[in-house]
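I have placed the structure first, in the form of structure tokens, so that the comments after it can refer back to it.
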Protein chains: 2
Amino acid sequence: MSLVRNNKEKANCTERILAFKDSIELLKGKWKLYILQMLSTSETMRFKDLQENVVGITPKVLSKELQELEQNLLITRTVNNTRPVTVSYALTKHAKETEPIINALIDFGVKHRMKIKEK
Amino acid sequence: MSLVRNNKEKANCTERILAFKDSIELLKGKWKLYILQMLSTSETMRFKDLQENVVGITPKVLSKELQELEQNLLITRTVNNTRPVTVSYALTKHAKETEPIINALIDFGVKHRMKIKEK
DNA sequence: GCTATCACTTACCTTTTGGAAAGTAACTAT
DNA sequence: ATAGTTACTTTCCAAAAGGTAAGTGATAGC
């Protein structure tokens with residue numbers, strides 16, 4: 001009986017570690033979280049908007065990051081019927097669940113900046 | 001008056017973006033969050049404990065990551081008076097503030113794994 | 001015809017990350 | 001003397017990440 005419970009707890013623990021690693025994998029790199037945070041402030045943004053607002057990113061890298069985010073169901077890509085063509089990117093409902101991560105990162109960053117100012 | 005407020009809000013916004021980027025910089029890479037999470041479960045761990053429990057990490061990489069975490073005030077390194085020498089690593093009080101980040105990553109990972117199982 | 005805009009793509013290159021394998025230094029136990 | 005333990009370090013290398021600069025294709029306005 002306690003053995004079953006141990007197994008369940010072990011399985012649950014393993015699952016949590018896998019989930020943790022998946023999250024890190026999904027959001028890794030210099031830009032992905034920054035892009036998600038940017039999209040969370042604006043509902044939809046065009047490629048050019050992102051290029052201008054995600055300071056420092058180049059079109060090549062932006063394009064690659066957007067493709068990966070789309071593949072992982074975190075953003076949607078919509079071609080608009082405009083001339084010249086524009087393309088709108090938006091967070092999926094699912095991606096909105098990354099908000100706690102982003103907020104936690106900001107909170108920690110603020111604390112860290114205060115910490116290193118102490119010296 | 002509203003201008004001052006705008007400036008304050010802008011400054012605050014900039015500060016939050018800097019904080020966000022600092023956090024990402026501090027915790028980037030394949031291993032750092034994993035190491036922090038591991039240390040959060042055990043109070044202190046020796047180099048060898050970490051090598052065994054952070055599955056897949058090599059001594060070279062572990063050593064480098066620990067040095068960076070120490071430099072950033074996230075862990076402490078203590079040489080123990082044992083034979084052969086052992087070295088204990090522990091989270092700083094400050095690093096314990098990363099817990100919300102780790103929990104948020106686990107939560108999102110769990111949701112993501114459910115999402116992709118749907119298909 | 002020429003220029004401009006948008007959303008990319010391509011080629012090339014440098015830097016960073018991280019892994020494999022072996023070695024080292026200090027010390028203990030046999 | 002030799003083998004074992006701990007905590008690393010060193011060398012060498014491959015892959016990934018990311019930047020620069022230029023180009024492409026569709027279309028519109030002048």
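In the text below, chain A, chain B and the rest are named by the order of the sequence lines, each starting its count at 1. Keep in mind that the numbers below use all heavy atoms, side chains included, and drop hydrogens, waters and symmetry copies. All of these numbers come straight from a predicted model, not from anything done at the bench.
Within 4.0 Å of B/Thr86, counting heavy atoms only, lie sugar-phosphate atoms of the nucleic acid but no base atom.
Summarising the geometry, the separation between CG on A/Leu50 and C1' on C/dC8 is reported as 13 Å, rounded to the nearest angstrom. Look at NZ on A/Lys48: it is 18 Å from P on C/dT9, rounded to the nearest Å. What separates CZ of B/Phe47 from C1' of D/dA7 is a distance of 6 Å, to the nearest Å. D/dT6 atom P lies 14 Å from atom CE of B/Met45, rounded to whole Å. When the P atom of C/dT17 is taken as reference, atom OH of B/Tyr34 falls 21 Å away, rounded to whole Å. The separation between A/Asn81 atom CG and D/dA28 atom C1' is 14 Å, rounded to whole Å. In this entry the distance linking CG of A/Leu66 with P of C/dC8 reads 8 Å, nearest Å. If you measure from atom CD of A/Gln51 to atom P of C/dA7, you get 9 Å, rounded to the nearest angstrom.
Nearest nucleotide to the side chain of A/Arg46, out of D/dG19, C/dA7, C/dC8: C/dA7. The side chain of A/Pro84 sits closest to C/dT5 out of D/dA7, C/dT5, D/dG19. In this structure, of C/dA7, C/dC8, C/dG19, it is C/dC8 that holds the atom nearest to the side chain of A/Ser63.
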- How far apart are the C-alpha atoms of B/Thr44 and B/Tyr89, what are their side-chain angles, what is the distance that settles it, and do they pass the side chain to side chain contact (heavy atoms under 4.5 Å, CB included) test? CA-CA 5 Å; B/Thr44 75; B/Tyr89 293 92; over 6 Å; no
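Distances shown here put every side-chain N or O of B/Tyr89 at or beyond 4.0 Å from the OP1 or OP2 atom of D/dT6. Dashed line: the shortest gap from a side-chain N or O of A/Arg77 to OP1 or OP2 of C/dC8 is under 4.0 Å. In terms of phosphate contacts, B/Gln67 brings a side-chain nitrogen or oxygen within less than 4.0 Å of OP1 or OP2 of D/dT9.
For the side-chain hydrogen bond (donor to acceptor under 3.5 Å, both in side chains) with B/Ser88, the qualifying choice from B/Asn80, B/Thr78, B/Thr82 is B/Asn80, the only one to do so.
Closest non-hydrogen pair, B/Ala19 versus A/Val110, comes out as CB-N, 3.4 Å. Residue A/Lys32 comes nearest to A/Lys28 through the heavy atom pair NZ-O, 3.2 Å, listed as atom of the first residue, atom of the second, then distance. Residue B/Lys21 comes nearest to A/Val55 through the heavy atom pair NZ-O, 4.4 Å, listed as atom of the first residue, atom of the second, then distance. The two residues A/Pro59 and A/Phe47 come nearest to each other via the heavy atoms O-CZ, 3.7 Å.
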Tabulate atom names and distances for all N/O pairs under 3.5 angstrom spanning the protein and nucleotides 10-18 of chain D.
| residue | atom | partner | partner atom | Å |
| --- | --- | --- | --- | --- |
| D/dA17 | OP1 | A/Lys28 | NZ | 3.4 |
| D/dG18 | OP1 | A/Lys30 | N | 2.9 |

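Checking A/Val85 against A/Gly56, the closest nucleotide of DNA chain D that is more toward the 5' end is the one next to A/Gly56.
Within 6.0 Å of CD on A/Glu99 lie no more than 12 heavy atoms contributed by other residues, nucleotides or ligands.
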